[in-house]
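Below: one structure, written as structure tokens.
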Amino acid sequence: MAIEIHQNGQARFDFVDRSLIRACVHCGLCLPYCPTYKLLGSELDSPRGRIYQMRMLHDGKISVLDDNFQLHIDRCLNCRACETACPSGVQYGRLLEAARAVIPPTSETERVLREIVLNRVFTTPLLLEAMGIAARFYQKSGLQTLVRASGILHRLPLNLGRLEALLPRMQGGIVKASLPEVIPARGTRVHRVALITGCVQEQFFSLTNAATARVLAMNGCEVIVPRGQACCGALHTHGGERETARALARRNIALFEKTGADYYIINAAGCGSTLKEYHHLLADDERWAERAHRFSSRVRDISEFLASIELNRDFGEIRRRVTYQDACHLVHGQKISAQPRELLQMIPGLELVEMQEADTCCGSAGIYNITQFDLSMQLLERKMNHVAATNAQIIVAGNPGCLIQLAHGVRQRRLPMETIHLVDLLDRAYRARKS
Ligand code: SF4
Ligand code: SF4
């Protein structure tokens with residue numbers, strides 16, 4: 001990235017390949033699909049408007065310190081619905097990530113998030129583990145109930161009180177369940193796969209990881225769970241901390257190469273999307289570009305992998321009405337939408353009801369529900385209207401962030417609904433079979 005500061009305080013940034021910006025022909029066909037444009041009705045909060053502002057920045061006509069530029073870039077969800085809608089193949093996600101990387105934190109909350117949470121906690125496995133234990137202790141010891149009843153949460157700084165309300169029900173006990181390093185295939189081994197356990201996923205949803213390993217084993221996979229995995233760097237890439245993301249990517253590539261696995265399986269859509277794009281992240285790094293490419297080509301979302309193999313259909317019955325929320329980084333980031341639905345329809349007794357705007361962001365979007373709380377809650381409100389209209393008993397999604405956000409919506413509305421990862425439902429169906 002070349003940066004040139006002019007005397008008038010403006011900066012010219014070669015922050016991204018100009019051809020990526022020029023790919024946008026300003027047709028506006030993406031606008032009706034952009035959640036922030038639909039919500040705010042402003043061209044500057046649309047994909048076309050944001051790309052135009054990036055072009056102005058690139059040409060040195062506006063400064064990266066311009067409040068308006070920061071505001072509209074910050075408001076973007078990075079949901080990539082505009083990419084799906086764009087007939088010109090604009091790679092909006094790459095543009096946004098490059099723009100975010102040159103914008104300094106715009107609020108104290110964001111500064112703390114980037115400097116302490118993303119660059120320290122998420123890069124240090126011991127700190128991440130400690131954070132997980134503290135959060136599980138807080139929730140499972142009864143302390144959370146006491147704190148909520150005391151009213152102290154409303155007096156905390158940095159909006160910590162309303163963020164606490166987003167804390168999901170964490171799976172397992174105070175000590176989380178951990179998986180063995182190798183889980184043998186049930187029956188004949190057909191595939192050898194490595195499971196990417198994730199960082200938030202591992203701390204909050206360790207039972208979903210265990211269910212993923214069981215479902216894979218049920219389908220002839222020997223599952224390797226490499227020790228010492230690093231965070232995938234998705235939150236860093238989306239939040240502008242690209243150097244940290246690159247360091248994490250190199251650690252993961254080196255670790256997974258050693259497994260000799262055919263595929264690297266991930267059950268978190270946001271992480272999967274980033275892992276499949278390590279070759280973009282490390283494109284300028286001569287020593288790692290080729291290895292990053294090989295790594296990315298082996299990554300599969302769990303639904304994508306299961307739908308591609310001859311699936312063991314020995315499912316028991318689950319008589320439930322379910323609706324499916326497309327995680328943005330699955331449907332738009334990885335173009336995976338048919339596979340999860342196909343898998344759901346294989347479960348006997350299950351009725352799949354489509355909600356309106358299933359492929360529109362729920363407002364979770366990485367750390368968006370922390371940095372843009374009000375907009376995030378407005379998006380959730382709209383989503384929950386669509387969810388409620390289905391009368392479903394279960395909401396299924398393939399990403400921890402969406403599950404946390406949707407569970408918050410369910411709690412707020414006191415809906416009689418369960419939120420669950422697709423792979424947990426498949427695991428439940430296997431366990432419901434009469435043996
Ligand atoms: S991003 Fe694509 S759809 Fe949107 S205005 Fe540009 S060319 Fe048109
Ligand atoms: S990523 Fe989502 S919020 Fe951002 S411009 Fe594209 S459609 Fe709009």
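As the structure lists them, so they are numbered: ligands from 1, and atoms in each ligand from 1.
- Residue, atom and distance of the protein heavy atom nearest to atom 6 (Fe) of ligand 2 are Cys82 SG, 2.3 Å.
- Residue Gly28 has at least one heavy-atom neighbour below 4.0 Å for each of these atoms of ligand 1: 5 (S), 8 (Fe).
- Counting atoms of ligand 2 from 1 in the listed order, those under 4.0 Å from a heavy atom of Arg50 are 3 (S), 4 (Fe), 5 (S), 8 (Fe).
- Close approach to Cys86 involves these atoms of ligand 1, each under 4.0 Å from a residue heavy atom: 1 (S), 2 (Fe), 3 (S), 7 (S).
- At the top of the distance list for atom 3 (S) of ligand 2, counting protein heavy atoms only, stands Leu77 N, 3.5 Å.
- The distance from atom 8 (Fe) of ligand 2 to the nearest N/O/S atom of Cys34 is under 2.8 Å.
- When non-hydrogen atoms are compared, ligand 2 lies under 4.0 Å from neither the backbone nor the side chain of Tyr37.
- Residue contacts with ligand 1 for Cys30 involve both N, CA, C or O and side-chain atoms from C-beta outward (heavy atoms, distance under 4.0 Å).
- Under the side-chain hydrogen bond (donor to acceptor under 3.5 Å, both in side chains) rule, His386 has a single partner from Gln325, Glu354, Glu357, which is Glu357.
- Of all the heavy atoms in Arg413 and Ala388, the pair that sits closest is NH1-CB, 4.4 Å.
- For atom 1 (S) of ligand 2, the nearest non-hydrogen atom from the set Lys38, Arg75, Arg80 belongs to Arg80.
- In Leu96, neither the side chain nor the backbone holds a heavy atom less than 4.0 Å from any atom of ligand 2.
- Taking backbone and side chain together, Cys27 holds an N, O or S atom under 2.8 Å from atom 8 (Fe) of ligand 1.
- Around atom CZ of Arg22, no more than 12 heavy atoms belonging to other residues, nucleotides or ligands sit under 6.0 Å away.
- At the top of the distance list for atom 4 (Fe) of ligand 2, counting protein heavy atoms only, stands Cys76 SG, 2.3 Å.
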